[in-house]
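Reading through the structure tokens given below for one structure.
Just so it is clear, the model here is predicted, and its values are computed rather than measured. Labels below follow one simple rule: chain letters A, B, ... track the order of the sequence lines, proteins then strands, and each chain is numbered from 1.
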Number of protein chains: 2
Amino acid sequence: MDEAERIRKQKELIEFIGVQQEREGFQPVTARIMGMLMVMDKEEYTFDEIVEEMQISKSSASTALKNLELRGVIEYVTYPGDRKRYFRFVSGEIDGMIDEMKKKMKQHAIIIHQILDLKKDPNSRNALFLKNILTGMEFFMLQLDKFKEEYHSRP
Amino acid sequence: MDEAERIRKQKELIEFIGVQQEREGFQPVTARIMGMLMVMDKEEYTFDEIVEEMQISKSSASTALKNLELRGVIEYVTYPGDRKRYFRFVSGEIDGMIDEMKKKMKQHAIIIHQILDLKKDPNSRNALFLKNILTGMEFFMLQLDKFKEEYHSRP
DNA sequence: TTTTTAGTTCGATATTTTGCGAACTAAAAA
DNA sequence: TTTTTAGTTCGCAAAATATCGAACTAAAAA
């Protein structure tokens, strides 16, 4: 695979990640900036480089970058004697991802609890099924911490 | 909590679940139908009951129900001598949820592999971080099957 | 056979979201 | 002090999406 081919494929992948991240609730431009910061060989971009590379307005870039920072997806660094910000992807750890997963699951569990609390018949089809799921989720969440330990002490 | 209060809270919860499911990519009406089928005491609704209860057009109901069925969220049953369909929430099992999770994670892993394959420098900041995540994800996916076993053989 | 039921399909309309440009700001440089 | 840089904010227009209504269909009932 030659250089041009590789770069073409990178662009394609950015687009694919873009579409995927849109489904996760990011706006189109935002999703593609994420993709770019993950995929490209250059891994730190200034505001103007992003505007240039993505062919978007400064306002779109501003909005997107603020959003990504707020969500903890990107961060920026600065270098002495240069007042530009250099935006880059945050390099999270596996532990952080597990915690994230746990948090999300806990929120789901709360909702399920609320549904159950409001059921007239606690033995209705849905109620029983939801109780079942809840038990599974609780067991699963307990396993997650065990997983972290095992992962770090693996051979 | 009296009956009226309970029902009011159910409606509130449907709205909350609706907003939540919109973020997961469902359209507003679709998301609220999901909520309704999970939360309400009546757990099987005909097409016309859904139209009535949600105050939506038949076409919206049709589109939403088809979508939910396609995604495996709801199903319908029929009763002899009654040609209406009775729509209800699918009662998935914990195993199905785990498989779902694994499938999603596998897709993510494929993307990460692709990013890595296209990096010029395999030791760049992002490349190293992505490799790290990949290792974690692979370990995690191995654990998932173990989890299923343990869950089923729990005391 | 005709009518009714239980939905489906499709084009039009309403609503929401997205991205832009112009004007603005705070800090640094000249 | 004035100018430039590096963005931010906000109202608007365009694009995308959601929902609707009207016409349609296939199967069952009359």
Do the charged groups of [X] and [Y] touch, with an N to O distance under 4.0 Å?
| X | Y | result |
| --- | --- | --- |
| A:K119 | B:E43 | yes |
| A:K11 | A:E53 | yes |
| B:E3 | A:K120 | yes |
| B:R8 | B:E12 | yes |
| A:E75 | B:R125 | yes |
| B:K104 | B:E100 | no |

Heavy atoms only, 4.0 Å cut-off, all strands: where does A:I56 land among base, sugar-phosphate and nothing? sugar-phosphate

May I ask you to say what A:K84 touches in the nucleic acid, namely base, sugar-phosphate or nothing, with a heavy-atom cut-off under 4.0 Å? sugar-phosphate

Where each residue is assigned the nucleotide of DNA chain C containing its nearest heavy atom, which of A:D82 and A:A61 is assigned the position nearer the 5′ end?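 That would be A:A61.
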
Let me know, please, whether A:G25 or B:R83 comes out on the 5' side of the other along DNA chain C by nearest nucleotide.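 Upstream on the strand: B:R83.
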
Write down the distance between CZ (B:F26) and P (D:dT17), rounded to a whole number of angstrom.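 Result: 17 Å.
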
Check the distance between D:dA18's P and B:E22's CD and give it to me in whole angstrom. 9 Å

Could you say whether A:S62 or B:T63 is positioned toward the 5' end of DNA chain D, judged by the nucleotide with the nearest heavy atom to each?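 Closer to the 5' end of DNA chain D: A:S62.
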
Suppose we call two aromatic rings close when their centres sit under 6.0 Å apart. Are A:Y76 and A:Y86 close by that rule?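 Ring centroids of A:Y76 and A:Y86 are no less than 6.0 Å from each other.
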
OP1 or OP2 of D:dT19 sitting under 4.0 Å from any side-chain N/O of B:Q27? yes

Verdict with supporting geometry, A:M38 and A:I17, side chain to side chain contact (heavy atoms under 4.5 Å, CB included): CA-CA 9 Å; A:M38 271 193 275; A:I17 292 172; 3.9 Å; yes

Could you give the distance from CD1 (A:I50) to NZ (A:K58), rounded to the nearest 0.5 Å? 13.5 Å

Where DNA chain D forms runs of at least three Watson-Crick or G-U pairs (i with j, i+1 with j-1, under 3.5 Å), the stems are C:1-30 with D:1-30

With a 4.0 angstrom cut-off to heavy atoms of chain A, pull out the first and last contacting nucleotide of DNA chain C, in 5'-to-3' order.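 The contact span of chain A on DNA chain C goes from C:dT18 to C:dA28.
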
